[in-house]
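Bear in mind that the values here come from a model prediction, so they are computed numbers and not experimental data. Note on naming: letters A, B, ... go to the chains in the order of the sequence lines (proteins, then strands), and numbering restarts at 1 for each one.
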2 protein chains.
Amino acid sequence: MLAAHTDETVRGTRATGQESNSLDQRMAYATVRRLRAKEHVFCEGDEREHVFRVEEGVIAVYKTLPDGRRQIIDFAYPGDLIGLGVIGEHVLSAQATAPSKVRCLAAAALERIAETDAGLALKLYKAVCQELAATRSLLVTVGQRSAIERVAAFLLSLHRRTAPEGAATINLAMRRSDIADLLGLTIETVSRTLTKLRCMGVIDLEQGATRVRLCDLPHLLELANE
Amino acid sequence: MLAAHTDETVRGTRATGQESNSLDQRMAYATVRRLRAKEHVFCEGDEREHVFRVEEGVIAVYKTLPDGRRQIIDFAYPGDLIGLGVIGEHVLSAQATAPSKVRCLAAAALERIAETDAGLALKLYKAVCQELAATRSLLVTVGQRSAIERVAAFLLSLHRRTAPEGAATINLAMRRSDIADLLGLTIETVSRTLTKLRCMGVIDLEQGATRVRLCDLPHLLELANE
DNA sequence: CGGTACTTTGATTTCCTTCAATCACCGTGG
DNA sequence: CCACGGTGATTGAAGGAAATCAAAGTACCG
């Protein structure tokens with residue numbers, strides 16, 4: 001936890017607008033890149049030149065094992081930052097699961113500024129802390145929960161992070177295989193679990209399995225085990 | 001459960017505003033707390049007053065679910081910081097798995113200094129990035145690997161983080177239940193897997209199952225799948 | 001339409017968990 | 001010194017949750 005090592009994704013800080021706004025300033029000048037579904041933002045081994053902020057869509061940040069198994073570390077939604085904290089090469093890959101837009105920031109410049117701008121450095125710190133909390137939460141889910149608990153927890157976190165206030169319907173914007181690789185399950189198990197939740201009356205699947213209506217949030221919360 | 005914080009006065013150093021070594025400076029004045037095996041450094045829900053640096057022993061940082069299941073997020077070894085990046089209350093618990101010593105730093109003071117000291121802020125940022133990388137690596141292990149791969153990966157990471165240069169023997173300094181809760185397995189599976197590794201001639205168990213000699217590192221690396 | 005990519009559902013297998021018993025280690029006190 | 005109780009580790013047998021294998025169903029797009 002000390003020592004110099006590399007690192008990657010980070011969730012965006014809430015747009016405070018106050019304090020040091022070096023980050024926001026640079027955002028305004030950054031170019032936007034459009035991505036089709038399945039297109040990569042960067043790959044493991046790529047030189048790390050930019051930090052990205054998701055503007056639209058969903059970006060899956062993941063790690064692949066030599067034999068092809070894949071663990072998705074996080075889905076980045078609009079407002080989230082990815083690519084922070086890396087020295088040298090990327091150790092993770094990032095891929096759009098749906099058509100997306102990202103804003104590109106020169107990484108070197110950002111960190112050079114942070115060396116003298118405590119406000120910006122603190123902002124980066126907070127952003128990474130938030131990302132760490134999310135990763136820990138996923139670790140608990142994957143390490144301790146059953147399939148139905150994992151899926152319930154995933155739906156709830158998606159709801160919390162992307163649904164507008166009060167909306168009960170969430171847009172998956174990703175395939176079953178993405179959910180499976182996030183939760184450490186297979187696509188078959190994800191599919192079976194979703195149908196089980198539907199039969200229980202907790203959720204409803206709409207529009208060719210891409211949209212999910214959370215009919216019974218309390219029950220879903222209970223199933224997720226907090 | 002609240003740990004007694006009787007001996008924790010951090011002697012009054014003033015914020016020097018000096019760059020890179022504010023952290024080390026404060027370390028020098030911080031008091032050391034001794035912990036017995038199983039004693040808690042802090043618990044979920046405790047007010048977060050300090051950041052700790054492990055001086056000796058092993059501290060397990062973990063999260064418990066309402067029904068008692070436990071996921072260890074990380075083992076902190078000498079040199080590691082714990083308790084960073086928390087606002088308000090602790091959401092995790094930290095417990096010594098063996099007799100340990102930690103150095104206590106006032107969290108509020110540390111972060112107040114970071115507000116104007118970019119060097120310190122950047123240091124905190126790097127430390128959290130480091131921790132994030134470790135957590136992600138564990139997530140990949142727990143989400144994708146089989147029991148034998150998990151145990152092999154654990155032994156290797158323990159070796160990397162704690163073994164002196166060239167040493168092939170590692171000291172577990174924790175129970176099977178701690179390893180199980182880290183890897184998302186049961187104590188029985190951990191035990192069986194260790195004996196299987198012993199039968200394969202990859203490791204050797206010494207001193208009442210608390211020390212492990214890694215006889216065949218290349219094979220272990222292969223088993224861990226990178 | 002026809003083809004592709006993705007999802008769902010079913011049958012079977014596997015790995016890990018659960019339950020249960022035994023064993024080993026260690027400090028204590030008779 | 002050794003019987004003892006307690007904690008933790010190991011081992012075995014049985015059961016179960018999810019993986020794997022296989023096939024059919026469904027949406028999408030040229």
(request) Return the value, rounded to whole Å, for the distance between atom CG of B/L172 and atom C1' of D/dG8. (result) 13 Å
(message) Please identify which of these residues, B/L35, B/V41, B/I59, meets the side-chain contact (heavy atoms from CB on, under 4.5 Å) condition with B/V54.
(response) B/I59
Extract from the structure each pairing of a protein N or O with an N or O of nucleotides 1-3 of chain C at less than 3.5 Å, listing the distance.
none

(request) Before accepting this row, confirm whether a basic side-chain N of the pair A/E89/A/R48 lies closer than 4.0 Å to the acidic partner's carboxylate O. (result) no
(request) Rounded off to whole Å, could you give me the CD1-to-P distance for the B/I187 and D/dG8 pair? (result) 10 Å
(request) Report yes or no: is the cationic atom of A/R70 (NZ for Lys, CZ for Arg) closer than 6.0 Å to the six-membered ring centre of A/Y62, at no more than 45° off its axis? (result) yes
Would you tabulate the nitrogen or oxygen pairs shorter than 3.5 Å linking the protein to nucleotides 15-18 of chain D?
residue, atom, partner, partner atom, Å
D/dA18, OP1, A/A147, N, 2.6

(message) Salt bridge check, B/R69 against B/D181: does any charged N sit closer than 4.0 Å to a carboxylate O?
(response) no
(request) Could you tell me the separation between the CG atom of B/L183 and the P atom of C/dT17, rounded to a whole number of Å? (result) 10 Å
(message) Would you compute the distance between atom CD1 of B/I170 and atom CZ of B/R213 and round it to the nearest 0.5 angstrom?
(response) 12.0 Å
(message) In this structure, how many angstroms lie between the P atom of C/dT7 and the CG atom of A/D181, rounded?
(response) 12 Å
(message) Are the side chains of B/V102 and B/E55 in contact, using a 4.5 Å heavy-atom criterion?
(response) no
(request) Look at B/E131 together with A/R136 and state whether they make a salt bridge at an N to O cut-off of under 4.0 Å. (result) yes
(message) Expressed as a whole number of angstroms, how long is the span from B/R176:CZ to C/dA24:P?
(response) 15 Å
(request) In whole angstrom, give the distance that lies between atom CZ of B/R36 and atom C1' of C/dG27. (result) 15 Å
(request) Salt-bridge test for B/R211 and B/D204: reply yes if a basic N is under 4.0 Å from a carboxylate O, no otherwise. (result) no
(request) Grab the CG-P distance between A/L194 and C/dT9 for me, whole Å please. (result) 10 Å
(message) Tell me whether A/R145 is salt-bridged to B/D67, with the criterion being a basic N under 4.0 Å from an acidic carboxylate O.
(response) no
(request) Give the rounded distance in Å between these two atoms: CD of A/E206 and P of C/dT7. (result) 17 Å
Taking only nitrogen or oxygen atoms into account, show me every contact under 3.5 Å that the protein makes with nucleotides 21-28 of chain D, one pair per line with its distance.
residue, atom, partner, partner atom, Å
D/dC21, N4, A/E188, OE2, 3.1

(message) Heavy atoms from C-beta onward define the side chain here; which of D/dT10, C/dT9, C/dT7 lies closest to that of A/R198?
(response) C/dT9
(message) If the threshold is 4.0 Å, N to carboxylate O, is there a salt bridge linking A/K38 and A/D178?
(response) no
(request) Compare all side-chain heavy atoms of A/S191 with those of A/T193 and state whether any distance is below 4.5 angstrom. (result) no
